[in-house]
S.K.: 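First the structure, which I've put down as structure tokens, then a few questions once you've had a look.
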Amino acid sequence: MIPDRQQAGCCTSPVKLTPAALRYLVLMAFCLALCSCSAGMLLQPQTAVKKNRHACSYCHTHERPQTDPELLTTEEETATLCILCHNYGSNHHPFDFTPVSNKYVNPEKGFPLFNGKVQCLTCHDPHQNADFSETPKLLRGGPYEDRREICFKCHAFREAYRNINPHQMVDENGVPRQINDRPSCLLCHAVMPDPKKDRTEDVWFRADVAFLCWRCHPPMPGHFFTEHFLKKPKRNTLATMRKSEQESLVIFPIAPRNRITCSSCHNPHQAGVIQTPAAQKGAGAPKRLRVPNQDICRACHRIKQ
């Protein structure tokens with residue numbers, strides 16, 4: 001027996017929706033469709049769009065800057081483009097300053113200033129060649145057999161500089177030597193330090209320590225240099241360094257960026273200049289090592305016997 005439609009709860013006539021209910025259903029359908037699309041997009045692998053750093057438009061406002069060489073930044077802020085890729089705020093010549101032109105400093109033509117200031121592009125030109133290709137190490141006027149040759153494009157008196165020994169800081173009476181009419185300490189320090197009380201974190205340098213050393217010393221060759229220089233010590237290595245400092249009453253400075261640099265192992269000062277016992281270790285020693293050569297590795301690394 002077939003049940004009656006009314007008893008089965010069926011409705012034989014279509015349901016009539018009010019305008020408010022119809023709008024509600026349309027809104028719900030739209031929300032469901034939107035959620036479905038969003039979910040599908042989340043499930044799809046996303047590909048980041050990266051701008052080609054070697055393209056002209058990375059630094060210039062146009063893809064063909066030969067006819068319109070305008071940069072993406074103002075003239076006085078050209079360094080901001082360079083440091084997008086290069087960490088040249090350190091370990092390099094100072095930039096973004098107004099040089100004092102005198103008998104010791106006289107930039108040659110071809111080494112431009114930007115609004116009167118030294119910027120990265122003063123010494124570097126990424127496309128100096130006729131085909132807009134890069135020059136070796138991007139140095140203007142290159143290539144140079146010795147990259148220190150570029151220094152004398154601005155700094156005069158080549159022969160006089162060769163006779164300067166920045167490690168001889170005071171005379172026999174303990175008075176700072178004068179170089180270029182200034183105390184010799186200011187060859188490396190931006191502000192005259194107080195050797196009686198200043199610590200590594202208290203002094204200001206004219207540039208990064210490594211760059212200051214490279215003015216006279218070429219970078220060390222070999223495995224040690226590539227594996228240690230400008231590396232941040234690992235936690236165990238740093239703990240060993242601190243333990244060695246306490247046991248040997250010495251310091252291995254890694255300031256200001258907590259990285260190994262030239263002065264971490266070598267003490268550049270003349271014997272008798274630094275007064276703090278731990279900081280004066282290595283001054284005047286062979287190779288200026290802060291600890292003897294046979295102990296220098298053990299100062300940072302645990303070496304199994």
Side-chain angles (χ1 to χ4, degrees), residues 51 53-62 65 68-128 132 134-142 144 147-157 161 166 179-183 185-193 200-216 219 229-230 254-259 261-263:
K51 193 173 180 180
R53 293 184 177 183
H54 297 283
C56 299
S57 58
Y58 193 81
C59 299
H60 297 278
T61 55
H62 296 278
D68 190 350
E70 184 179 355
L71 293 171
L72 289 173
T73 184
T74 58
E75 186 180 68
E76 64 269 22
E77 296 176 344
T78 55
T80 59
L81 290 174
C82 302
I83 60 178
L84 289 175
C85 303
H86 304 283
N87 184 22
Y88 281 175
S90 52
N91 293 314
H92 219 65
H93 191 284
F95 64 91
D96 198 27
F97 72 96
T98 302
V100 177
S101 182
N102 54 35
K103 63 180 180 179
Y104 303 112
V105 181
N106 185 21
E108 287 189 4
K109 292 182 179 179
F111 285 76
L113 300 177
F114 296 84
N115 278 2
K117 291 186 176 182
V118 171
Q119 296 286 5
C120 302
L121 296 180
T122 298
C123 299
H124 299 275
D125 189 341
H127 36 52
Q128 185 177 12
F132 294 95
E134 298 176 352
T135 55
K137 297 188 182 299
L138 307 184
L139 295 178
R140 289 188 183 274
Y144 299 97
R147 65 180 177 183
R148 291 170 292 181
E149 290 293 317
I150 194 176
C151 302
F152 298 106
K153 298 295 183 180
C154 296
H155 298 275
F157 299 107
Y161 273 104
I179 299 177
N180 294 351
D181 303 328
R182 305 175 70 195
C185 302
L186 296 180
L187 283 174
C188 298
H189 293 281
V191 179
M192 193 70 179
T200 305
E201 58 272 15
D202 300 324
V203 298
W204 292 81
F205 296 99
R206 294 175 61 84
D208 187 85
V209 172
F211 188 86
L212 295 173
C213 298
W214 288 344
R215 295 180 302 179
C216 301
F229 186 63
L230 297 184
I254 56 176
R257 297 187 297 133
N258 295 321
R259 297 184 182 186
T261 188
C262 306
S263 59

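Residue numbers run from 1 in the order of the sequence given.
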S.K.: How far apart are the closest heavy atoms of Val191 and Leu186, and which atoms are they?
M.R.: C-CD2, 3.9 Å
S.K.: Any side-chain heavy atom of Pro99 within less than 4.5 Å of one from Phe97?
M.R.: yes
S.K.: Where is the tightest heavy-atom contact between Leu212 and Arg206, given as atom of each residue plus distance?
M.R.: CD2-CB, 4.3 Å
S.K.: How about Asp96 and Val118: do any of their side-chain heavy atoms sit closer than 4.5 Å?
M.R.: no
S.K.: Can you see which heavy atom on Arg140 is nearest to which on Asp125, and at what distance?
M.R.: NH1-OD2, 3.2 Å
S.K.: Could you work out, with side-chain contact (heavy atoms from CB on, under 4.5 Å) as the rule, every residue matching Cys123, not counting sequence neighbours?
M.R.: Ile150
S.K.: Closest heavy-atom contact between Phe114 and Thr122?
M.R.: CE1-N, 3.9 Å
S.K.: About how many Å separate CZ of Phe111 and CG of Leu121, when rounded to the nearest 0.5 Å?
M.R.: 12.5 Å
S.K.: Rounded to the nearest 0.5 Å, how far does SG of Cys262 lie from CZ of Phe229?
M.R.: 4.5 Å
S.K.: Given side chains that start at C-beta, do those of Tyr144 and Lys153 come closer than 4.5 Å, heavy atoms only?
M.R.: yes
S.K.: Can you give me the closest heavy-atom contact between Arg259 and Leu230, atom names plus distance?
M.R.: CD-O, 3.4 Å
S.K.: If you measure from CE on Met192 to CZ on Arg182, what distance do you get to the nearest 0.5 Å?
M.R.: 10.0 Å
S.K.: Listed by chain and number, what are the side-chain contact (heavy atoms from CB on, under 4.5 Å) partners of Pro193, not counting sequence neighbours?
M.R.: Cys185, His189, Asp198, Val203
S.K.: Looking only at atom types and distance, does a side-chain atom of Asn115 sit under 3.5 Å from a main-chain N or O of Lys117, one as donor and one as acceptor?
M.R.: no
S.K.: Can you give me the closest heavy-atom contact between Ser263 and Val209, atom names plus distance?
M.R.: OG-CG1, 3.6 Å
